[in-house]
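Take a look at the structure set out below.
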Amino acid sequence: MWRHNHQGDTTIRNLPAFLLYLVRNPRKTIPVCLVIALAVALLASVTILMDSIGQTVFAMYGYQRDLTVLYPRNTLYISKDTVSKLKKLPDLNRLYPSSGLFISIKTFFGRTPFVVFALRHKDAMEILRKCGLKLIQGRFPDSDKPEIVLSRDIAANRHLQLGDIALSPTSKDSYSPQPMRLVGVLDGPVWLAFTSYSYVHDNCPIALNGFLASAKTRAQMPALDREIQSVIDSGKIRIWTYADLVREAYGALSNLYFFLDIITAIIIFDIALLCGLLFLIYFDQRLSEYAALLAMGYHQGYIILQTIQETGALAIVGWLIGAIMATGLLDYLRIIYFEPKGMILRAFDPHAYWYTFALPVFIVLFATVTISLRMLRIDPVSIMERRS
Amino acid sequence: MNEDQKQGLCAENIYLAYNDGSDVTFAVRGVSLDLSDVGFIGILGPSGSGKSSLLYLLSGLKRATSGEIYYNGRAYSDMKEKERLRLRRNHYGFVFQQPYLFDYLTAIENALTGASPGDDQALARAMEIFEELGIARNAKKRPRQLSGGERQRVCIARAMMNSPTVIFADEPTAALDRQNGHKVMEMLASYRNRGLVIVVTHDTAMLDECDRIYRMRDGTVQEN
């Protein structure tokens with residue numbers, strides 16, 4: 001349509017016609033763009049915040065990808081007979097003896113106990129390597145001493161510095177017979193807390209004595225879990241596997257995602273309707289233009305294509321602005337709120353932005369259908385005869 | 001009539017009827033015209049006489065209820081919709097009573113909307129036409145920055161972009177004062193040697209330069 005660019009006299013050279021209209025009509029395009037951007041920012045933010053729950057849960061308990069946790073029920077020890085059966089399992093690599101204390105952490109759902117594994121030094125080193133964790137501050141706990149090493153996020157969550165007391169005899173939910181100091185900080189993809197095995201063994205006579213079981217590779221873990229379940233008596237031993245974690249986490253989140261889907265659908269429908277109607281109003285305002293073009297011999301399909309390109313360009317720009325707004329806002333939130341509490345928030349979460357991509361798609365679809373129907377009914381002569 | 005003989009624009013006994021409930025109103029009744037390839041033709045008549053309807057029939061924007069219109073021997077009724085679009089796009093030019101310019105395009109960009117797709121020389125030709133019509137200094141201005149007369153000249157430039165064989169002008173001076181109206185008519189008249197210009201107006205004073213004038217009354221035509 002307007003393919004001939006006016007060399008040297010316009011500031012916008014070689015700009016396609018549909019962009020020319022958008023760029024030169026900011027009073028019409030900016031409000032629509034902002035409506036789309038705000039809707040995208042809202043949807044993306046809610047989705048990213050929701051995803052953050054799952055991401056935090058999987059980071060907290062992510063060590064279960066490499067370790068299956070076994071603790072006795074109704075007794076303090078797992079029987080020797082069961083241990084010997086476990087040791088014969090084909091996919092078992094190691095059984096790490098472990099007791100447990102708990103440290104309370106703040107989560108989206110309130111305060112939650114997080115297990116502090118009592119591990120022998122050599123076992124702890126092997127587990128850290130398996131889980132991709134490394135010591136970034138301080139040192140490892142000395143044997144027999146009430147000392148603890150925490151992942152950085154747990155320390156942040158509890159606002160603990162090296163030397164601070166993490167567990168104490170008087171604490172309601174982070175109990176240790178003696179005040180337990182933070183001596184080391186770990187960094188890595190999952191959370192872990194551990195203390196000296198001998199300290200817990202010697203000072204906590206009623207601590208449960210269980211095991212952490214590992215396979216040679218992460219890929220063998222599901223097979224190992226099945227083998228463990230086949231040899232243990234679930235009335236006497238409780239096990240925590242990664243498969244259970246995933247099932248429980250998704251089970252808990254599925255309702256939230258269902259609500260999110262409903263909200264998303266309502267917002268997308270509302271905004272698509274609103275923007276589609278706005279585009280239709282703008283289209284009607286330009287009817288005389290289109291009538292003139294049709295009279296001059298332009299094909300309806302070509303004009304429809306131009307208006308769809310205008311709508312699409314505006315929707316995509318709005319989407320991009322919304323995505324940038326959401327990323328900026330959430331990154332700010334991550335820095336000031338989430339990270340200090342040890343909670344995970346991925347400001348740029350591709351899943352969330354895919355979720356919002358339905359918005360520009362529906363806007364363009366809605367506008368295309370309504371504008372095409374309108375265009376097909378245009379009689380250029382009747383419009384020009386009104387001599388508006 | 002032998003179709004081979006029909007060069008230029010011809011109308012044969014054309015009618016245009018509107019159904020208004022049970023009533024049928026004829027905007028054009030039995031009009032026959034044989035228009036040559038070049039010249040400046042005026043169609044004069046009072047409001048409601050059917051002159052604009054006749055113009056839209058001749059340009060292919062409306063379909064005749066009966067009768068036939070030929071362009072270079074080819075009947076409109078034999079043409080497909082795409083062919084008629086191509087005819088209007090590549091062989092006809094239009095000047096409407098209202099300018100119908102795009103307010104977000106400059107004057108020269110508006111003129112370029114009348115060019116054929118892929119015409120590399122369009123910009124240079126548009127500038128030549130602007131020079132010829134005396135609006136070259138307004139090339140970069142937007143329509144709202146132009147006077148009524150200047151806007152109508154941009155429309156004439158747009159209509160001339162394809163060097164059309166026929167320019168159809170529907171009341172091109174209706175929104176202008178007398179002085180500007182005469183200037184616009186002079187510009188349209190200047191095209192008479194390059195193609196056929198058909199102007200519809202109700203103002204007799206605007207048709208001084210016409211080679212031929214048809215008077216319309218109640219949908220019928222009389223040559224003056």
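Numbers restart at 1 for each chain; the letters A, B, ... are given by sequence-line order, proteins then strands.
Within a 6.0 Å sphere centred on CD of A/Gln285, other residues, nucleotides and ligands contribute more than 12 heavy atoms. More than 12 heavy atoms of other shown residues, nucleotides or ligands fall within 6.0 angstrom of atom CG in B/Asp177. The local environment of OH in A/Tyr353 is crowded, with over 12 non-hydrogen atoms from other residues, nucleotides or ligands closer than 6.0 Å. Heavy-atom neighbours of B/Arg142 CZ from other residues, nucleotides or ligands within 6.0 Å: above the threshold of 12.
For chain A, no part of B/Tyr92 is nearby; none of its heavy atoms comes within less than 4.5 Å.
Atom CZ of B/Phe102 is separated from atom CZ of A/Arg286 by 7.5 Å, given to the nearest 0.5 angstrom. Note: B/Leu85 CG to A/Leu294 CG = 8.0 Å, rounded to the nearest 0.5 Å. Atoms OH and CG, on A/Tyr21 and B/Asp103 in that order, are 8.0 Å from each other to the nearest 0.5 Å. In this structure, B/Asn162 CG and A/Met296 CE are separated by 8.5 Å, a value rounded to the nearest 0.5 Å. A/Arg24 CZ to B/Thr106 OG1: the interatomic distance, rounded to the nearest 0.5 Å, is 6.0 Å. Atoms CD1 and OH, on A/Ile383 and B/Tyr100 in that order, are 8.5 Å from each other to the nearest 0.5 Å.
Between B/Tyr104 and A/Lys28, the closest side-chain pair of non-hydrogen atoms is not below 4.5 Å.
Of the listed residues A/Ala291, A/Ala292, A/Ala295, the one with more heavy-atom pairs under 4.5 angstrom with chain B than any other is A/Ala295.
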Chi angles and distances behind the side chain to side chain contact (heavy atoms under 4.5 Å, CB included) call for A/Tyr298, B/Arg89: CA-CA 7 Å; A/Tyr298 281 83; B/Arg89 185 84 194 267; 3.2 Å; yes
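Applying the ring pair (Phe, Tyr, Trp, His ring centres under 6.0 Å) test to every pair with at least one member in residues 309-331 of chain A, sequence neighbours left out, gives these pairs: A/Trp319-A/Phe357.
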With a 3.5 Å cut-off and sequence neighbours excluded, list the donor-acceptor pairs that the side chains of residues 126-138 of chain B form with protein atoms.
residue: B/Glu132; atom: OE2; partner: B/Arg194; partner atom: NH2; Å: 2.9
residue: B/Asn138; atom: OD1; partner: B/Lys141; partner atom: NZ; Å: 3.2
residue: B/Asn138; atom: ND2; partner: B/Glu150; partner atom: OE2; Å: 3.2

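Nearest heavy-atom pair across B/Lys62 and A/Val381 is CE-CG1, 3.2 Å.
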